[in-house]
Every structure is written in structure tokens, then in C-alpha cells.
Amino acid sequence: MSKNMSNKPLSLTEFILKEQQAFPKAHGNFSLLMEQIEYACKIIASHVRQAGLVDILGVTGEKNTFQDEVKKIDVFSNDLLIEVLKTSGQVAMIASEELTEPIALKENAPYIVFFDPLDGSSNTDINAPIGTIFSIYHTKGGLLQKGSEQVAAGYVLYGTSTIFVYTSGKGVNGFTLDPAIGTFLLSHPDIKIPEFNNLYSVNEGESLTFNKTTQKFLHWIKQSDPTTKRPYKLRYIGAMIADVHRTLLKGGLFLYPATGKNPKGKLRLMYEANPAALILREAGGLAFSDKTPILDLMPEHVHQQVPVVLGSKGNLEVFQEF
Ligand code: P6P
């Protein structure tokens with residue numbers, strides 16, 4: 001489905017509309033919501049690209065729920081997403097990493113949206129990748145639903161190029177922004193994660209505070225053994241979505257275990273772990289929080305943090321043997 005009559009790649013809009021046609025009862029509410037998310041991320045992309053030039057670098061002096069320094073581009077992205085989602089008229093409530101409490105937008109609107117407006121934003125100052133993450137639920141299920149109830153989930157990675165990756169439960173597709181026409185074009189149709197790769201991604205600096213099982217595994221993968229493709233290579237960008245995107249395309253493992261500093265894990269269930277887990281499932285991978293599939297976790301609160309290990313089935317099987 002990646003080309004059409006004029007041999008031009010499908011745009012994100014065309015793809016979403018084609019998906020809508022597969023749902024006879026769809027009235028376009030979801031398509032409109034996705035279009036607005038796309039619109040907001042295009043604006044964020046243009047500001048991220050100019051971050052060194054326009055007055056949105058540096059800190060605001062405030063702190064968010066996690067006592068992270070809030071950088072101006074965080075605030076800009078958060079406020080923009082709130083405004084654009086409100087305009088869509090499709091969103092009953094939003095929850096964001098940058099908001100202590102969820103905000104009600106439009107009573108009886110069909111969807112609830114969780115987002116991390118600019119994940120890994122400390123990378124902005126060093127020109128490293130950052131991303132916007134979103135997760136969409138039906139309003140009727142209430143604010144806190146299991147990740148398996150997500151209607152759709154995705155991210156926009158602002159890297160060497162800008163790519164929009166999402167799933168609505170029927171596979172994962174990636175769209176790369178063509179800056180010349182300001183349109184996301186289908187560049188990665190039907191993404192499937194490789195079955196195995198000897199790549200791992202973790203903050204090794206915290207590894208002495210990981211549980212013993214994880215420490216044992218991390219020690220084992222450093223031993224040389226060509227038959228089991230060891231030692232593994234370490235790749236860590238420090239923005240979850242960049243590390244997840246590489247894992248999705250190349251295979252291997254991404255881990256953010258419980259640490260001394262974050263005994264319940266650092267990554268947020270509702271707007272980091274769950275969207276990533278849905279994408280991994282749809283791409284043929286796995287995503288766990290300790291022994292539980294992330295999508296099965298019953299959330300306790302909006303900003304709940306959980307340990308995360310996700311990636312290729314083959315790599316998860318080896319990890320779980322430990
Ligand atoms: P550390 C970014 O702040 C973030 O929430 C994730 O995007 C990223 O994976 C993680 O924290 C990085 O944490 O402790 O390695 O700096």
C-alpha cells in the first residue's frame with residue numbers, strides 16, 4: 001500500500017483516510033484527531049530544527065512533576081499540543097508529562113489522549129534526537145485503562161530526519177517528513193522488528209543498582225562467544241523514543257530497569273511504556289515490566305513509573321532465561 005497511481009508515496013493523511021475506509025462505521029473523528037496530532041508535530045519539528053536560533057532554548061526555571069528542569073521548548077510543545085487537540089473537538093481529556101493533573105477539554109468527545117510533548121528534551125541542547133509520544137484511548141473506558149485498550153499509539157522522532165511512526169492496531173507504519181512540501185510520506189511500510197540482534201540499550205551508569213538478575217544478564221552479554229553472538233554492542237541515546245526506534249528497526253533490547261534512584265523504574269507507563277509496548281507488539285516484538293507484559297498492567301495513576309525491558313522476541317527469550 002506504499003505507492004498509488006502516480007507512483008508518489010502515500011502521505012500520512014492519505015494513509016489515515018485509507019485506514020478509515022476499512023472501518024465502515026468510522027465517521028472521521030479518529031482521522032481528524034490524527035491529523036491534528038500530525039499538524040502539531042510539524043510545528044514542533046520546525047521549532048526543534050531552529051532550537052539554537054529562536055528563544056525557546058534554556059530552562060524556564062520551573063520544574064515538572066518529576067522535578068525535571070522544564071525547558072522552554074518543552075513548555076512550547078506542551079501548550080501547542082493542548083491547543084491543537086482542543087481545536088480538534090475530538091478530545092475529552094488530556095494528560096501530559098508536563099501537566100501535574102489531566103485537563104478536561106470537551107465533554108463527551110470520543111477520545112482521551114496521553115502525551116509526552118518532548119521526550120528526552122535535555123538532548124535539545126546537544127543536537128541529539130528527541131521525540132513526541134502519544135497514546136489514544138476511547139473516552140468511554142475512563143482515564144486509566146490498560147495499554148491493551150489503546151486505540152492507537154505513536155511517536156514523532158526529531159532526528160537526522162523527522163519520522164512519524166504509529167499503529168492503530170493493524171501493524172506499524174513510518175512516515176518521513178518531506179520538508180520541501182511539509183508532508184509526512186510513507187517511508188517505512190509495515191515495520192517488523194528483527195527476530196534477534198546483539199544490540200542492547202541501557203544506562204550502564206546505573207547498572208550497579210539494578211536487580212541481581214539484570215546485572216547477571218548484563219555481565220553475560222559482555223562475555224565473548226561467537227556462537228551466541230556475544231559480546232553485544234551498546235547503543236544509548238538517552239531519549240527513550242530514539243532508543244526504541246533503533247530497537248524497532250535493528251532489533252535487540254532496550255531496558256530501563258528499576259534503579260536505586262528510581263526503585264519503581266523511571267519511564268512513565270501511560271505515555272512512554274504503553275505506546276512503545278503497543279508498537280512493539282504490532283511489529284512482532286515484546287515489552288515487559290518485570291514478569292508482566294506492559295500492555296496488561298492496570299494503571300494506578302497518570303504518572304505511574306514502571307521498569308521496562310522491550311525488543312526482539314529472540315532477545316527477550318534469552319533475557320527471561322535469567
Ligand atoms: P537516564 C528522558 O528524560 C527519559 O524520560 C527517557 O526518554 C529516557 O529513556 C530516560 O529518561 C533516560 O534516563 O537516567 O538514562 O538519563
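These numbers come from the heavy atoms of this one structure, side chains and all, not from hydrogens, waters or symmetry mates. Whatever order the structure lists ligands and atoms in, that order sets their numbers, starting from 1. Computed from a predicted structure; not experimentally measured. We're numbering straight along the sequence, starting at 1.
Within ligand 1, counting atoms from 1 as listed, the ones closer than 4.0 Å to a heavy atom of Gly120 are 2 (C). Ligand-side atoms of ligand 1 in range of Met240: 6 (C), 7 (O), 8 (C), 9 (O), range being under 4.0 angstrom from any heavy atom. For ligand 1 and Asn203, the ligand atoms under 4.0 Å from any heavy atom of the residue are 1 (P), 14 (O), 15 (O). Listed by atom number, the atoms of ligand 1 under 4.0 Å from Tyr236 heavy atoms are 1 (P), 12 (C), 13 (O), 15 (O).
At least one heavy atom of Glu272 sits under 4.0 Å from some atom of ligand 1. Remark: distances from the non-hydrogen atoms of Arg268 to ligand 1 include one below 4.0 Å.
Considering only residues two or more places apart in sequence or on other chains, Ser11 meets the side chain to side chain donor-acceptor pair (under 3.5 Å) condition with Glu14.
For the residue pair Asn78 / Ser96, a side-chain donor-acceptor distance below 3.5 Å is found, with atom types taken as modelled. There is a side-chain donor-acceptor pair under 3.5 Å between Glu19 and Ser168.
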Extract all donor-acceptor atom pairs below 3.5 Å that involve side chains of residues 279-300 and protein atoms in other chains or at least two apart in sequence.
unit_1	atom_1	unit_2	atom_2	d
Glu282	OE1	Gly171	N	2.8
Ser289	OG	Pro307	O	2.7

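No more than 12 heavy atoms of other residues, nucleotides or ligands lie within 6.0 Å of NE2 in His219, so this atom counts as exposed by the packing criterion.
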